[in-house]
Participant: 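Starting off with a structure, shown below.
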Amino acid sequence: MDLSALGPEELSRELRAGGIRIIVYGLGLVGSTLAAVWLRFGAHVVGIDRDPATAGRAAAGEGPAGEPLVSEAFRVGLSEGRFRVVPDEGEIEARPAVRFLAVPVTWSDGRTVLNYLEDAMEAAVGHSRSGDAVVVKPTVPIGTTRRLARDAAARAGLRLDDDLMLIYSPERISAGRAVLDVEEHYPAIVSGIGPRSTKLAEDLHGLVARAGVIRMSSMEAAEAEKMFEGVYRDVNIALANELAKVADAYGLDFEEVRRASNSQPYSHIHSPGLGVGGTCIPVYPWFLVDNALGRGLVPELTMTARRINLSMPEFFASMADREIGGLRGRRVAVLGLAFRGDVADSRLSPTYDLVLELLRRGASVIVHDPLIAEDDSLRAMSVALTGDLGTALRGADVVVVATDHSAYRELDGDSIRSMSGGSPLVMDTRHVLRPDRMHGIRLRQFAGHTQ
Ligand SMILES: NC(=O)C1=CN([C@@H]2O[C@H](COP(=O)(O)OP(=O)(O)OC[C@H]3O[C@@H](n4cnc5c(N)ncnc54)[C@H](O)[C@@H]3O)[C@@H](O)[C@H]2O)C=CC1
Ligand SMILES: CC(=O)N[C@@H]1[C@@H](OP(=O)(O)OP(=O)(O)OC[C@H]2O[C@@H](n3ccc(=O)[nH]c3=O)[C@H](O)[C@@H]2O)O[C@H](C(=O)O)[C@@H](O)[C@@H]1O
């Protein structure tokens, strides 16, 4: 069946009847969200994940923490016999299929890590038959999709945009609202290796993206679009951190100034804080560096922004050192391990760097997080992680709010004093605490209220 020859209506009918299968490689946040979106559409979905624990959770109807719509879609799909999880495609009979690749592309030791995507591309193209489609979803350096697909298709003896449709459509989701980001919030960015792939990309994503579809002129333009989004954010967060340092030096309330500046449409000053975490924003700038250096260009602003954001944990550890008169032998409670508020994801969280800087200065550290119960990295540092505020604050000389979890907004001076048994210095790196509730507390807000 040549998927590119079907119209949206026939595509929809075949997907719902199971005549065309959706196969998702990678059941992490992105892949499980895609599986859920297509299950909610009524399609027949096969999930593949090489990690048995992840595959097991999905097969039991469990999506990532904090994504209830994913778990619900898995359970409905399982009950209706429209969802299966298998270790590889060899376990299922061949049928026309759209294969989504939702595996990680990361950065390590100065280079883009593509081996997961290479393996998934090899498997997906290898199982593809004439008329099928492969859709690449991770954020990648410009030129990656074409290069990997060309090699895999050559090995499989498939002609791209002829036998096999090849689509690049970057996922634009954020933890905690992933399904609605795909279905409601953002237009789908689509592109193909040729006109037939591009048409199919538009028809397919148009079935589920109610915010519409933006068709890009090439896969390279689509790869650049997603990477530029992330670089824009990282650079603007670095700018916010730099402006906040100046505001702090003048004893200004940065939030007040920021709101006023952003009251006109040309200013979008972001929020300052402990730094930039997650698998997206700290990583994408390095892909740009990879691409730029590859063409003899030096992306100075992008690299400087990365340096500024990476320097924030040390900036705050030094602030605590100064304000408390030396951290050696002191007990520090760090509130928040997650990379941003109200998510249970600590990947690349700046809290890890803050903990290391505090330990380096001779402090003893305990970390609190309301959503993350255990963490191998903290365990390796022999740093306790607790979900109980009383345990975290007991005997604390310094309290650092590292993550903007909404649970911390309700904290007040009396409870901090009673739980700590003293009067610790409280440093708020994310403007979470309410100064009017901090009576009797030594509060040091970054570019905010100090008492
Ligand atoms: N996490 C996020 O908020 C966003 C991530 N992205 C992009 O999507 C990519 C994936 O992100 P996540 O889903 O968070 O990653 P993840 O690490 O949570 O999940 C990836 C899954 O793929 C599995 N896997 C790896 N290689 C495989 C293979 N060959 N076959 C089958 N399964 C395989 C892993 O076992 C893992 O469970 C990221 O690298 C990023 O580029 C894009 C937007 C948002
Ligand atoms: C598709 C995609 O990659 N979307 C991105 C994703 O961002 P993500 O979930 O990684 O969170 P984020 O809101 O960008 O925050 C990343 C990191 O940056 C920090 N951060 C964020 C905004 C800000 O003004 N200041 C700041 O310090 C956060 O604390 C966090 O550590 O989701 C964001 C969203 O939609 O909220 C989106 O704006 C981002 O571009």
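Computed from a prediction, not measured in an experiment: that's the story for all the values here. As the structure lists them, so they are numbered: ligands from 1, and atoms in each ligand from 1. Reckoned from all heavy atoms, side chains included, excluding hydrogens, waters and symmetry mates.
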Participant: Less than 3.5 Å apart, any donor N or O on the side chain of S346 or Y352 sitting next to an acceptor on the other?
Facilitator: yes
Participant: Side chains of S174 and D181: any donor to acceptor distance under 3.5 Å?
Facilitator: yes
Participant: Tell me the contacting part of I173 for ligand 1: side chain, backbone, both, or neither, using a 4.0 Å heavy-atom threshold, strictly below.
Facilitator: both
Participant: Between D49, I281, T54, V105, flag the one that comes closest to atom 36 (C) of ligand 1 by a heavy atom.
Facilitator: D49
Participant: Atoms of ligand 1 less than 4.0 Å from V30 heavy atoms?
Facilitator: 4 (C), 5 (C), 6 (N), 8 (O), 11 (O), 13 (O)
Participant: Within the structure, is a non-hydrogen atom of C280 found at a distance of less than 4.0 Å from ligand 1?
Facilitator: yes
Participant: Below 3.5 Å, N or O to N or O, backbone or side chain included: is there any such pair between K226 and ligand 1?
Facilitator: no
Participant: Indicate whether any N or O donor in one side chain lies under 3.5 Å from an N or O acceptor in the other, for K137 and Y168.
Facilitator: no
Participant: Give the numbers and elements of all ligand 2 atoms closer than 4.0 Å to a heavy atom of G275.
Facilitator: 19 (C), 27 (O), 31 (O)
Participant: What part of R57, side chain from CB on, backbone N/CA/C/O, both or neither, has a heavy atom under 4.0 Å from ligand 1?
Facilitator: neither
Participant: Which ligand 2 atoms does H270 reach within 4.0 Å, using its non-hydrogen atoms?
Facilitator: 24 (O)
Participant: Short list, please: which atoms of ligand 2 are under 4.0 Å from a heavy atom of R172?
Facilitator: 1 (C)
Participant: Would you say T145 and E223 are linked by a side-chain donor-acceptor pair, where the criterion is simply a distance under 3.5 Å?
Facilitator: yes
Participant: Compute the shortest N/O to N/O distance between R340 and ligand 2 and return yes if it is under 3.5 Å, no if not.
Facilitator: yes
Participant: Check the side chains of Y25 and E89 for a donor-acceptor pair under 3.5 angstrom, ignoring hydrogens and angles.
Facilitator: yes
Participant: Starting from atom 27 (O) of ligand 2, find the nearest protein heavy-atom neighbour and note its residue, name and distance.
Facilitator: R430 NH1, 3.1 Å
Participant: Is there at least one pair of N or O atoms, one from P104 and one from ligand 1, spaced under 3.5 Å apart?
Facilitator: no
Participant: Identify, by atom number and element, the atoms of ligand 1 in contact range of E171, meaning under 4.0 Å from any of its heavy atoms.
Facilitator: 42 (C), 43 (C)
Participant: Using a strict cut-off of 4.0 Å, indicate which atoms of ligand 1 neighbour a heavy atom of A120.
Facilitator: 29 (N)
Participant: Does at least one non-hydrogen atom of G278 fall below 4.0 angstrom from an atom of ligand 2?
Facilitator: no
Participant: I'd like to know if the side chain of Y232 pairs up with that of H268 as donor and acceptor (distance under 3.5 Å, no hydrogens or angles considered).
Facilitator: no
Participant: Looking only at distances, can you tell me whether any N or O atom of D404, backbone or side chain, sits closer than 3.5 Å to an N or O atom of ligand 2?
Facilitator: no
Participant: Can you tell which part of Y284 has a heavy atom less than 4.0 Å from ligand 1: side chain, backbone, both or neither?
Facilitator: side chain
Participant: Is the F446 to F254 ring centre distance short of 6.0 Å?
Facilitator: no
Participant: Could you list the atoms of ligand 2 found under 4.0 angstrom from a heavy atom of Y186?
Facilitator: 34 (C), 35 (O)
Participant: Can you check salt bridge (charged side-chain N to carboxylate O under 4.0 Å, His left out) on D248 and R444, steps first, answer last?
Facilitator: CA-CA 10 Å; D248 196 59; R444 179 72 171 87; 2.8 Å; yes
Participant: Does an N or O from D119, backbone or side chain, lie closer than 3.5 Å to an N or O of ligand 1?
Facilitator: no
Participant: Which of these, K226, H185, R233, has its nearest heavy atom closest to atom 40 (O) of ligand 2?
Facilitator: R233
Participant: Any donor-acceptor pair under 3.5 Å linking the side-chain atoms of S318 with those of R361?
Facilitator: yes
Participant: Against heavy atoms of D51, which atoms of ligand 1 measure under 4.0 Å?
Facilitator: 35 (O)
Participant: Look at ligand 2 and say whether R177 reaches it with a heavy atom at a distance under 4.0 Å.
Facilitator: yes
Participant: Go through ligand 2 atom by atom and flag the ones less than 4.0 Å from a non-hydrogen atom of C280.
Facilitator: 3 (O), 10 (O)
Participant: Would you check whether P282 reaches within less than 4.0 Å of ligand 2, judged by its heavy atoms?
Facilitator: no
